[in-house]
Amino acid sequence: MDSNYDPQAIEAKWQKRWADEKLFETEAALGRKKYYVLEMLPYPSGDIHMGHVRNYSIGDALARYMGMKGYNILHPIGWDAFGLPAENAAIKSQRHPSEFTFSYIDRMRGQLQRLGVSYDWRREIASCVPEYYRWNQWFFLKMYERGLAYRRKSRVNWCPECETVLANEQVVDGCCWRHEETRVTERELEQWYLKITAYADQLLDDMKELVRWPERVLTMQKNWIGKSLGTFVDFTVSGLWKPLRIFTTRVDTIFGCTAVFLAPEHPLVEELVASSKEPTRLREDVERIKSSAVRARVELNLDKLGVDSGFTARNPYNGEAVPIWLANFVLMEYGTGAIMAVPAHDERDYEFCSAYRLPIRTVIVPEGTDSAAWADPPLKAMVEYGRLVASGPYSGLSSAEAMERMTGDAEAKGFGEGTIQYRIKDWGISRQRYWGTPIPMVYCDACGIVPVAEKDLPVILPPNVKLTGRGHSPLADVPEFVHTTCPKCAKPARRETDTMDTFVDSSWYFYRYTDPKIATAPINKDVVKYWFPVDQYIGGIEHAILHLIYMRFFTKVMRDIGLVEFSEPVARLFTQGMVIKDGAKMSKSKGNVVDPTEMFAKYGADTTRIYMLFAAPPEKDLDWSDAGIEGAARFVNRVYRLVAKHAGKLEGVRAGKLRAKDKAALTAEERRLLRKAHQTLRHVTEDMEERWHFNTDIAISMELVNDLTDLEAAVAAGKIRPAAHRTALEFLVTILSLFAPHVADELWEGLGHAEPLLKVSWPAFDAELAAEDELELPVQVNGKLRARIRVAASASEEEIRTRALAEEKVIQHLSGRQVVKVIVVPQKLVSIVVK
RNA sequence: GCGAAAGUGGCGGAAUUGGCAGACGCGCCAGACUUAGGAUCUGGUCCCGCAAGGGGUGGGGGUUCGAGUCCCCCCUUUCGCACCA
């Protein structure tokens with residue numbers, strides 16, 4: 001074989017061979033154990049970036065390892081192909097978004113193929129084609145049938161940059177998740193919603209199945225769902241017949257309620273203003289409070305502002321009338337938009353009531369406290385549970401007992417009830433944009449809102465459209481799209497002109513891979529049954545509460561409509577770290593982007609992958625270093641030269657398993673080499689099963705290369721015979737095939753093998769050969785290292801003790817002192833304690 | 001503010017179960033080969049010290065024969081949540 005390493009030629013050669021031999025093509029095979037490796041599908045933005053390279057290198061290492069372990073591997077890829085960037089580019093250049101999208105897909109497909117990932121490209125999908133998005137529409141109709149898709153008018157998040165609505169999940173720190181600098185504003189709009197809240201409890205409960213998901217992701221989802229148990233309590237308002245309902249999780253503190261706070265947007269506010277003695281002043285105050293309300297601001301910890309409405313509310317538990325205030329920190333969208341203020345036992349209420357000099361009254365004391373000794377008013381809010389005081393008939397109860405009794409009493413007397421509140425809101429999916437899935441609904445003057453008939457799907461996105469980016473649905477300007485007939489009464493009607501959030505597309509795409517072309521249903525149930533669940537999903541943490549919660553929701557709906565028989569689609573999730581450079585996330589605006597294709601051209605895909613996996617463990621952020629990739633290139637070169645140099649001479653030599661008598665006949669050098677080779681294989685095998693610290697796998701492979709280099713002289717002198725030498729080289733190349741598959745196959749071929757490594761079984765390490773036969777044990781005297789002794793690995797404790805105590809350095813440190821204790825830890829060390 | 005993770009040489013990182021801290025790589029230093037070296041190879045490289053020795057995993061305390069690892073307090077960084085009543 002060529003003595004010079006030429007990555008460009010080698011990588012092209014093997015990519016062609018793999019494709020010609022259909023090496024990555026796979027089919028469901030009942031009875032054969034399967035493994036589904038899934039990586040998050042990319043948005044076709046034009047070029048792959050280092051984050052993709054990292055994500056797909058991790059997935060490929062796993063897919064190749066599991067493949068060599070004998071699993072039937074499903075390893076697909078596709079394109080999250082609808083979305084705003086293409087549409088925005090289209091607006092600028094007055095071309096069609098599909099032009100950008102498909103040319104970007106072609107480009108990025110080429111780049112991924114250049115990376116040599118083991119994808120079954122026949123399964124590639126793109127979400128922007130009607131064959132795919134018709135099933136988004138189908139799911140929508142199924143949800144509509146079940147009341148899980150509905151339309152309502154509400155205040156929504158609006159990104160001025162995207163010119164469209166955002167779901168709550170897509171608002172980060174008051175800004176758009178795509179435009180970190182762009183403040184989200186509010187609009188009142190009619191929107192379609194998917195009722196994810198109907199599954200809130202299941203999304204929580206089923207987390208117990210997700211034992212192989214990172215705790216961090218589960219915690220984030222838990223917080224996002226934000227389930228809390230509490231009580232509704234109806235206060236009566238002075239001068240109004242309608243009760244005011246508040247929500248609290250601490251009804252046990254209600255005797256300490258000294259005010260009621262309303263969100264400035266609360267519907268009652270209008271009535272209060274109308275019947276106020278000073279309506280003008282009150283309205284002005286309300287507007288002032290509103291403008292400082294929580295939702296409208298990004299920076300937090302602003303002062304709490306409030307205004308006294310002049311009205312009072314009567315606490316049904318003790319009949320006390322307390323003032324009603326409007327407060328800027330009360331959220332309309334959580335609970336009822338009205339709360340009881342218990343300053344003694346809530347920090348926010350404490351802050352507010354102190355500022356406005358509202359009374360503060362202690363009604364809970366810590367267990368075991370003498371209530372008479374309790375400072376009242378307190379110096380700060382006591383928010384813990386405790387025992388009730390000054391709470392009428394409930395005094396003396398614990399918080400837990402009181403909450404139960406008091407909620408029960410409210411229900412019995414009709415002024416309240418127990419309730420469960422969630423932070424999660426229904427998923428608003430309407431987008432006032434073009435490049436997405438049309439929502440398959442029709443508005444008929446006679447019949448109202450009518451779903452498109454299933455047989456009439458897909459509702460095709462019309463190709464001829466003028467994109468202006470001016471904040472309303474572009475489809476509304478396409479008369480031939482808008483004008484249709486009512487599916488029910490056949491009279492003229494109008495189509496919905498909003499499109500779906502693209503997170504709908506990615507909520508079920510991984511099912512489609514299992515039978516990507518099926519035209520009669522979104523998925524092929526039988527094939528899904530074989531491949532699911534996804535055994536390993538790999539992607540970035542940034543999707544922890546967006547995609548990863550929507551996806552779980554979709555699966556539960558799919559289960560309920562009979563498509564699948566399980567509740568959770570992904571058994572194991574791995575979240576990789578980001579690729580950063582100079583301490584910052586790579587981005588065009590920061591100008592610190594490293595282009596993978598340049599790295600492929602300069603070093604090859606194998607070296608780029610090796611560097612990506614070597615520089616840090618995969619879950620941690622990886623700091624890009626130009627010098628680092630040079631080191632990876634050096635390593636790949638060394639391996640290449642080392643194997644290429646010997647490949648010819650090893651032709652015809654077999655590297656079989658060694659039997660006991662073969663082992664006994666090994667030379668010392670052979671033992672040393674085989675020990676290292678089997679240790680390396682053991683490390684990598686164990687690591688691939690669980691830990692995935694590819695950086696250490698590559699490091700130990702480097703050690704093997706170092707040993708092989710050290711032993712070159714022994715090879716030349718015949719002290720290492722070809723069979724042992726071949727074994728070590730083959731282990732090295734086999735391991736390398738997980739991380740640098742092209743050069744590995746080239747070297748494997750050079751060693752005389754006809755089949756690519758992916759068709760070879762992963763070798764088993766020999767624990768006996770991997771074992772050390774002599775160990776160097778440290779000897780400590782009073783915790784300080786004083787000597788090292790070499791002993792046989794099989795040495796008894798007594799032998800080790802004797803050897804250690806006989807060591808000259810040890811004797812020096814023992815002189816004049818008394819040995820108190822000698823601790824011998826076999827295989828580890830000797831620790832001598834003296835006085 | 002609350003919650004989580006992390007903090008180890010000049011740098012990326014290793015130490016998987018409480019047992020030799022710094023594997024492996026980068027960088028640096030010295031040398032070899034060379035017309036040349038930004039190729040390749042060899043050796044060295046935690047700190048102080050000529051050495052013996054001493055010190056050392058963010059800081060302080062503790063448990064232990066023994067702590068990067070376990071416990072307590074503090075500091076810093078990153079991430080998540082941030083008026084969710």
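Predicted model, so just to flag it, every value in this text is computed and none were measured. Convention: sequence-line order gives letters A, B, ...; per-chain numbering from 1.
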Separation of the P atoms in B/A85 and B/U17, to the nearest angstrom: 38 Å

Who pairs with B/G31 - Watson-Crick or G-U, where each distance is under 3.5 Å: B/C41

Gap in Å between the two P atoms, one belonging to B/A32 and one to B/G37, rounded: 12 Å

d(CG, A/Asp623; C1', B/C11) in whole Å: 9 Å

5'-most by nearest nucleotide on RNA chain B - A/Gln827 or A/Asp687: A/Asp687

Touch class at under 4.0 angstrom, heavy-atom based, for A/Asp621 against every strand present: sugar-phosphate

Test: A/Glu384 and A/Arg250 ion pair at under 4.0 Å: no

Side-chain donor/acceptor of A/His345 to backbone N/O of A/Val363, under 3.5 Å: yes

Upstream residue (5' side of RNA chain B) when A/Arg638 and A/Thr219 are each assigned their closest nucleotide: A/Thr219

Rounded distance in Å - CG (A/Asn223) to P (B/A82): 9 Å

Separation of B/A82 P from A/Glu333 CD (nearest whole Å): 12 Å

Distance, rounded to the nearest Å, where A/Tyr611 contributes OH and B/C26 contributes P: 12 Å

Who pairs with B/C65 - Watson-Crick or G-U, where each distance is under 3.5 Å: B/G19

Distance test, side-chain N/O of A/Arg691 to OP1/OP2 of B/A14, below 4.0 Å: no

A/Asp621 and A/Lys585 ion-paired at < 4.0 Å: no

Sugar-phosphate only, base, or nothing, as touched by A/Asn706 at under 4.0 Å among non-hydrogen atoms: sugar-phosphate

B/C2: pairing nucleotide in any strand, Watson-Crick or G-U under 3.5 angstrom: B/G80

Under-4.0 Å salt bridge between A/Lys676 and A/Glu703: yes

Whole-Å P distance, B/A15 and B/G61: 29 Å

Sugar-phosphate, base or nothing in reach of A/Ser625, heavy atoms under 4.0 Å: nothing

A/Leu785 CG - B/A21 P separation (whole Å): 6 Å

Length of the NE2-P vector between A/His813 and B/G53, whole Å: 6 Å

For B/G10, the Watson-Crick or wobble counterpart (both distances under 3.5 Å): B/C26

Whole angstrom value for the distance that separates P of B/A4 from CD1 of A/Ile541: 16 Å

Conformer about C1'-N of B/G9 - syn within 90° of 0, anti elsewhere: syn

Sugar-phosphate only, base, or nothing, as touched by A/Arg216 at under 4.0 Å among non-hydrogen atoms: sugar-phosphate

A/Glu776 CD: over 12 foreign heavy atoms closer than 6.0 Å: yes

d(CZ, A/Arg801; P, B/C65) in whole Å: 16 Å

Salt bridge flag under 4.0 Å for residues A/Arg790 and A/Glu807: no

Separation between the C1' atoms of B/G9 and B/C79, rounded to whole Å: 27 Å

